[in-house]
Every structure is written in structure tokens, then in C-alpha cells.
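We count ligands from 1, going down the list as the structure has it; atoms in each ligand are counted the same way.
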Amino acid sequence: MNSNADISNSLQVSLEKILTELPPAPTFEPGIRRAPTRHFNLNRNDTRQALKNALRYIPSKWHSELAPEFMEELQTRGRIYGYRFRPPGAIKGLPIDRYKGNCIEAKAFQVMIDNNLDFDVALYPYELVTYGETGQVCQNWMQYRLIKAYLEVLNREQTLVVASGHPVGIFASRPEAPRTIITNALMVGCFDDEQNWHRAVAMGVANYGQMTAGGWMYIGPQGIVHGTYSTILNAGRAKLGIPEDRDLAGRLFVTSGLGGMSGAQGKAVVIANGVGIIAEVDYSRIQTRLDQGWIDLATEDPGEAFAIARRHQNEKKPIAIAYHGNVVDLLEHAVMRRVPIDLLSDQTSCHAVYAGGYCPQGIDFSGRTELLKANPAGFKEMVDATLRRHYQLIRALTEQGTYFFDYGNSFLKAVYDAGVQEICKNGRDPLEGFVFQSYVEDIMGPVLFDYGYGPFRWVCLSGEAEDLHKTDAAAMACIDPERRFQDRDNYVWIRDAEKNRLVVGTKARILYQDAIGRMTIALKFNEMVRRGDIGPVMLGRDHHDTGGTDSPFRETANIKDGSNIMADMATHCFAGNAARGMSLVALHNGGGVGIGKAINGGFGLVLDGSERVDKIIAQAIPWDVMGGVARRAWAGNPASIETSIDYNRSRRDSDHITLPFLADEEMVAGLVEKALEDDKNQ
Ligand SMILES: NC(=O)c1ccc[n+]([C@@H]2O[C@H](COP(=O)([O-])OP(=O)(O)OC[C@H]3O[C@@H](n4cnc5c(N)ncnc54)[C@H](O)[C@@H]3O)[C@@H](O)[C@H]2O)c1
């Protein structure tokens with residue numbers, strides 16, 4: 001058997017090559033949010049293995065000092081984060097020139113990783129959680145250090161492979177191949193459940209990448225503002241009778257959560273010209289949004305919140321009000337006083353409902369953290385009781401005319417899991433869906449994803465505000481606002497983006513676009529880089545998109561041909577993007593709805609101004625979107641069929657999508673009824 005000395009001698013990238021000595025014991029800056037304890041419940045064998053697993057990263061000369069520290073982290077935090085290996089002070093996504101590397105892509109990824117861990121951007125930066133309560137860049141700081149070290153040596157003829165945060169190594173490839181391939185939490189089917197998942201994470205073999213956290217493409221809450229803006233605006237048009245060319249003036253949107261993604265809600269409702277009340281139990285998160293100007297004011301009094309909202313509704317002036325308290329208390333008030341609410345949703349982290357994502361009624365935020373640590377079973381009981389009450393209140397409000405939608409946070413599923421079977425359409429199980437619709441089912445799916453409109457994004461890697469300004473203008477020039485109302489909304493969005501001060505962290509922008517829109521803008525940006533008008537740009541998207549995610553409770557909730565339980569599309573999207581040369585490809589299990597409930601993937605493409613990148617754009621960007629449109633078309637979604645017909649015509653020489661013949665509903669129904677009748681009579 002080889003000794004640790006043999007192993008050490010064979011490694012060119014290792015912590016002892018990076019660090020001449022063991023870093024000092026960790027310190028934590030006050031005022032930075034910390035992740036709650038993830039309850040430690042491994043058995044003896046698994047605990048031993050977890051400790052050995054973490055020590056795999058550590059040169060043996062440091063084992064005796066670090067082993068007790070890691071054991072304590074595991075016992076007290078439920079995970080081994082290796083805090084000591086976090087570089088001291090603030091981490092920020094710096095201008096690309098400040099990073100070491102042998103290729104532009106590897107330097108770009110370092111900008112993105114550091115941006116995901118910025119104190120201003122990340123939810124729990126010390127625990128490497130970017131957003132969504134549990135969404136991590138990688139599992140621990142040893143992995144972070146090693147990934148960065150690999151990226152510093154990676155060249156154009158190599159690919160870095162990252163498995164759930166663990167850098168497996170670099171392997172020979174070619175310039176047209178991805179520079180990094182990432183997977184997160186891909187569990188084997190029969191183990192793909194919460195229990196096995198918790199064990200795997202505690203043992204240090206799985207990472208919850210959420211969507212863009214583990215795929216390194218998170219761009220701060222802005223990433224979600226555009227989607228939220230489109231969702232609530234189109235909910236108003238679809239459900240409140242607001243015309244397509246009008247906004248939410250005078251309308252009230254009530255919701256909860258001012259965290260990583262949910263923090264976008266205040267800003268989005270104001271951009272849509274409406275009035276919003278957002279409940280949030282953690283004052284530190286309200287403070288963050290107040291400091292950013294994404295919330296206008298905060299109150300602990302539900303009566304005051306509704307009174308201010310009413311005044312603004314009457315004057316048709318937009319405002320975002322934070323209610324500091326539990327959303328269930330806010331809704332109790334609304335139901336008791338019969339306050340009219342137009343649009344209602346919820347963005348607590350119900351995908352991690354028992355891990356602290358949803359605060360029970362009757363305790364405040366610090367009480368929630370203590371109870372979760374001291375008595376997880378009691379915590380679960382309180383969560384379930386609150387969810388049941390929450391559901392009753394929503395029912396009462398919808399009976400008064402409110403439109404409620406699930407915001408993709410697994411809220412409806414959580415209510416079902418809390419014992420409310422009547423929330424299922426069939427009164428039994430979620431197989432036929434829920435009595436309330438999810439935002440994708442009702443709004444984003446038919447209005448945006450089915451056409452291919454999705455959360456395209458870019459980061460100006462120079463860090464220059466001027467580059468962002470130029471790219472905004474260039475993207476706006478590519479949009480024809482007269483084509484569809486979606487294009488007009490996107491045009492207005494990008495026209496006003498700078499004015500709306502959306503940037504937190506790197507100089508990034510989100511802009512919903514369809515396949516051809518994304519390709520046209522990407523080619524334009526690459527040309528600008530080529531001409532030297534701007535520095536290099538990192539393109540990407542949220543996984544939450546037309547083709548990147550299979551998630552029956554969310555992105556694919558409006559796929560009704562029975563294939564919503566399949567994950568072929570996201571896998572093809574990932575493989576196809578790798579084959580076409582995206583710089584980074586990622587495939588994850590989980591995402592916003594929880595482990596086992598979604599397979600989702602994304603990409604990053606570094607625009608270096610080359611013709612090589614022009615070719616990648618022309619092939620990969622339409623594929624990335626149209627694979628999803630094709631699947632939606634095959635499921636019979638009308639907008640996707642229309643989009644695919646156009647695509648088949650316009651890309652006749654290169655692409656072709658199989659389209660479904662539509663069966664006569666009456667004929668099918670008649671035949672089925674007759675067959676069932678015959679069956680009964682036999
Ligand atoms: N914004 C989107 O477009 C979008 C899309 C899909 C899914 N999601 C989902 O939305 C959820 C929220 O995401 P996030 O990144 O904001 O998570 P987060 O954990 O950062 O924020 C959730 C917030 O809800 C607060 N909260 C919890 N229970 C509460 C209660 N009972 N009353 C009031 N506030 C309460 C928490 O304190 C926290 O700040 C996730 O499940 C995510 O997957 C969001």
C-alpha cells in the first residue's frame with residue numbers, strides 16, 4: 001500500500017502546495033449571517049467515515065491538529081466546512097485580470113466563484129451557501145482552495161471535473177471542449193431521497209448546488225428580479241384582467257421571504273408599478289434589502305402595512321413594504337379584516353422546510369434557530385401545524401377573490417407533506433397536481449418558457465460599469481418591442497435596468513430572451529469584445545429555464561403528456577452543451593424544489609471575441625433553448641408548437657424538430673369512455 005509520502009509526492013495540486021503552513025484558527029466577522037446547525041445524526045461508522053473523508057484533503061502532517069477541529073464542526077454544525085481554510089476577510093468577484101490562469105475561461109470561473117461567496121451576495125458566506133438556504137458553491141473550504149488552484153493551472157487542452165464540489169482532477173481534452181464539467185448531488189434513483197441525502201451531505205460526498213450556486217452562475221438577487229417581474233406582471237394580466245400593455249398600478253401583491261431569491265420580490269413589484277407587502281421573519285434580511293433600496297420601509301404591525309399599501313394603491317403609486325413577522329400572522333390579519341389582496345404567493349424556503357427554510361408560527365427567527373437545534377422533532381411538528389394553518393388562510397383569501405400561486409418553492413408539496421391531502425387535485429396524492437397552480441404551470445410556462453423566453457444573463461468580467469452600460473445598450477438594440485408583448489416587456493426591462501440599480505456583486509445583467517434573441521445578443525457581444533469595445537463577457541443563464549430543468553413541481557409543471565416525471569431533457573441539454581463547446585456545463589439534482597424533485601443544468605460561455613466562440617454561440621445557444629421548446633411542443637403546448645414551426649422553417653438547413661399531430665379531443669374521450677364502460681360490463 002502506498003504511503004502518504006508517496007501520495008504527497010505524486011500531487012502537483014494539493015493544499016500543501018498552496019499553503020506553506022496551516023492557516024490560523026478561523027475567526028468570524030460579526031454581523032455576517034451564519035447557516036443554522038444542520039443536525040448531526042450520523043451513526044458511529046458513518047461519523048468515522050465522514051472524518052476520514054474530510055481529512056482526505058489534508059496533508060497528513062496536519063491531521064492530528066485538524067481532526068479534533070473537524071470532529072467538532074461535524075458535531076456542532078452537522079457538516080465539516082473546514083472554516084480554517086477560508087481565505088481571511090471579504091471575498092469578492094474581482095476584475096478578471098486580477099486572477100492567475102493559463103486560459104481566460106479558468107480566470108472567468110474564478111470571478112464567478114468568488115462572486116458567489118461575496119458577503120454582499122451570499123446568504124451564509126462562511127458555509128459557502130450562496131442562496132436558497134442550502135445552495136452551496138462546493139461543500140467545504142478545502143475544495144474551494146483546490147478548485148481555485150486547479151483553475152490557476154488549467155489550460156485550453158484540459159478539462160476540470162468537479163463532482164459535488166470535489167475537484168476530481170484535470171484531464172486532457174481539446175480547446176472546443178468545456179473547460180469545466182460540474183455535477184452536483186446526482187444520486188442513484190433508489191437512494192434519491194431526503195434521508196440518504198442528509199447522510200451523504202454530512203459524510204461529505206454530496207453538495208446541494210441549488211441551481212446557479214453549484215453551477216457558479218449566480219449573479220445576486222437581480223438574477224431573479226426579471227423573472228419575478230414577468231411572473232407577477234403576467235399573473236395580473238392573466239388573472240386580474242389587466243390588458244397586455246398595462247402594469248400592476250393600484251394592485252396589491254402579498255408574499256413572504258426577503259432572502260436570496262425571494263429578496264427580489266420588493267424590487268420586482270415596484271418595477272411592475274404595483275404595491276407589495278413581503279413578510280420576513282429575519283430582520284437582518286429586511287435590513288439588507290432596505291440598505292439596497294429594494295424595500296421602501298418595514299413595519300411589525302400588519303394593520304399599518306395594509307393601511308400604507310391601501311393609500312399607495314389608491315394613488316396608483318408603487319411601494320414595497322416589509323412586514324417583519326410570520327407570513328401566517330400577516331394573512332390571519334388579512335382574513336380577519338377581510339382585506340382585499342389581488343395576488344398572493346409565498347417564497348419561504350419550503351424546499352428545505354424542516355431544515356430551517358420555513359419558520360413556524362408562534363416563535364421568532366432566533367427561536368426557530370434554537371428549536372431546530374434543540375428539538376428537530378418538535379420543530380417539525382410546529383412547521384406542519386403552521387403549514388396547515390397557512391393553507392386554510394390561503395383558501396379563505398382565494399374564496400374572497402385573491403389569486404394564489406405557488407412560487408416554485410415546493411410550498412404546495414410541503415402542505416401536502418404536512419398532512420393536507422385535499423390540496424391534491426385527486427384528493428389523494430400529487431400525481432395529478434394540486435388545487436392551486438404553480439407559477440410555471442399557469443404563467444411562466446405558457447407565457448415565457450413555451451416560446452423559449454428564459455433567464456439569459458451575462459457578467460462583464462472587466463468589472464467596469466461602462467462595459468455593462470454598453471452591453472445593456474447593445475442588447476436593447478437587438479430587441480424588436482413590436483414583435484410580441486413579451487418582447488416589449490423585455491425591452492422596457494433592459495431600457496430601465498441601469499436606472500433600477502439592480503447590480504449586487506459583479507457587473508451582471510439578466511434579460512429574458514428567446515433562442516434567437518439570446519444568440520443574436522451573444523454574437524453582438526462577442527463582436528464587441530473582438531473590436532475591443534468591451535472586455536470579456538461571461539454568458540450563462542439560470543437553470544430555471546425552458547430546457548435546462550426537469551422539475552414536475554416547477555419548470556416542467558405545464559407539461560401534461562405524462563413525461564413531467566422524466567429527466568431526459570435536462571440531461572440532453574447538459575450533454576448537448578458540452579458537445580457544442582460551452583466553457584462550463586453543470587448538471588444538478590434538487591434545485592429550488594428539493595432533492596429528488598428536479599434535475600437541472602446550466603452553462604457558462606466565456607466570450608473572448610474569437611471566431612471559435614462565434615461558432616459555439618451559433619450552435620450551442622439555440623440548442624440550449626430549443627431542446628426545451630421541442631420537448632414542450634411534443635407535449636402539445638401550443639406556443640411551443642408555433643415556435644417550433646417557425647424554427648423548422650428558419651433553420652431548415654441545419655435543425656429540425658419532430659412535431660406532434662394533434663388528436664381530436666372528443667374522439668379520444670368518446671373512445672376512452674366506451675372502453676371503460678365495456679370494462680365495467682365484463
Ligand atoms: N424567486 C424565484 O423566482 C424563485 C423561483 C423558484 C423557486 N424559488 C424558491 O423560493 C424559495 C426561497 O428562495 P430564497 O433564495 O429566497 O431562500 P432564502 O432561504 O434565502 O429566503 C427565504 C426567506 O423566507 C423567510 N421565512 C421563512 N419562513 C418564514 C415565515 N413563516 N414567514 C416569513 N418569512 C419566512 C426566511 O427568513 C428567509 O429569509 C426557495 O425554495 C427557492 O427555491 C424562488
Practice task
Take D624 and R541 through the test salt bridge (charged side-chain N to carboxylate O under 4.0 Å, His left out) and record every step on the way to the result.
Solution key: CA-CA 10 Å; D624 180 65; R541 60 163 171 77; 2.7 Å; yes

Under 4.0 Å from a heavy atom of [X]: which atoms of ligand 1 are those, numbered in the order shown and with their elements?
| X | value |
| --- | --- |
| E133 | 19 (O) |
| G357 | 27 (C), 28 (N) |
| G592 | 41 (O), 43 (O) |
| G132 | 15 (O), 17 (O) |
| G257 | 23 (C), 24 (O) |
| Q210 | 43 (O) |
| N326 | 30 (C), 31 (N), 32 (N) |

Using only heavy-atom distances, determine whether the side chains of [X] and [Y] contain a donor-acceptor pair under 3.5 Å.
| X | Y | value |
| --- | --- | --- |
| D489 | Y453 | no |
| N589 | D192 | yes |
| T556 | D550 | no |
| Q139 | Y81 | no |
| R457 | Q222 | no |

Just to confirm my output: which protein heavy-atom neighbour is closest to [atom], and how far is it?
| atom | value |
| --- | --- |
| atom 32 (N) of ligand 1 | V327 N, 3.1 Å |
| atom 34 (N) of ligand 1 | V281 N, 3.4 Å |
| atom 28 (N) of ligand 1 | C359 N, 2.9 Å |
| atom 6 (C) of ligand 1 | R554 NH1, 2.7 Å |
| atom 9 (C) of ligand 1 | N409 CB, 3.6 Å |
| atom 26 (N) of ligand 1 | T348 CG2, 3.6 Å |
| atom 5 (C) of ligand 1 | Y439 OH, 3.2 Å |
| atom 15 (O) of ligand 1 | M261 N, 2.9 Å |

Practice task
Could you tell me whether the side chain of M187 reaches within less than 4.5 Å of the side chain of I595, counting heavy atoms only?
Solution key: yes

Problem - Sidechain N-carboxylate O distance under 4.0 Å for E127, R77 - result: yes

Problem - Contact list for residues 325-336, test salt bridge (charged side-chain N to carboxylate O under 4.0 Å, His left out), sequence neighbours left out - result: E332-R389

[X], any N or O under 3.5 Å of ligand 1 N or O:
| X | value |
| --- | --- |
| R285 | yes |
| G263 | no |
| G260 | yes |
| L123 | no |
| I224 | no |

Problem - Proximity flag G591 to ligand 1, non-hydrogen atoms under 4.0 Å - result: no

Fill in the blank from the handout: Heavy-atom proximity to atom 17 (O) of ligand 1, picking from G259, A279, S349, points to S349

Handout entry: From the candidates Q347, H351, E280, the one that places a heavy atom nearest atom 1 (N) of ligand 1
Key = Q347

Establish, yes or no, whether the cationic atom of [X] lies under 6.0 Å from the six-membered ring centre of [Y] and within 45° of the ring axis.
| X | Y | value |
| --- | --- | --- |
| R34 | F28 | yes |
| K380 | Y354 | yes |
| R86 | W141 | yes |

Problem - F411 and Y358 aromatic ring geometry - parallel, tilted or perpendicular at 30°/60° bounds - result: tilted

Exercise for the section: Kindly assign one of parallel, tilted or perpendicular to the pair Y229 and W493, based on the angle between their ring planes and the thresholds 30° and 60°. Expected result: tilted

Practice task
Under 4.0 Å, heavy atoms only, figure out whether ligand 1 is touched by the backbone of Q361, its side chain, both or neither.
Solution key: neither

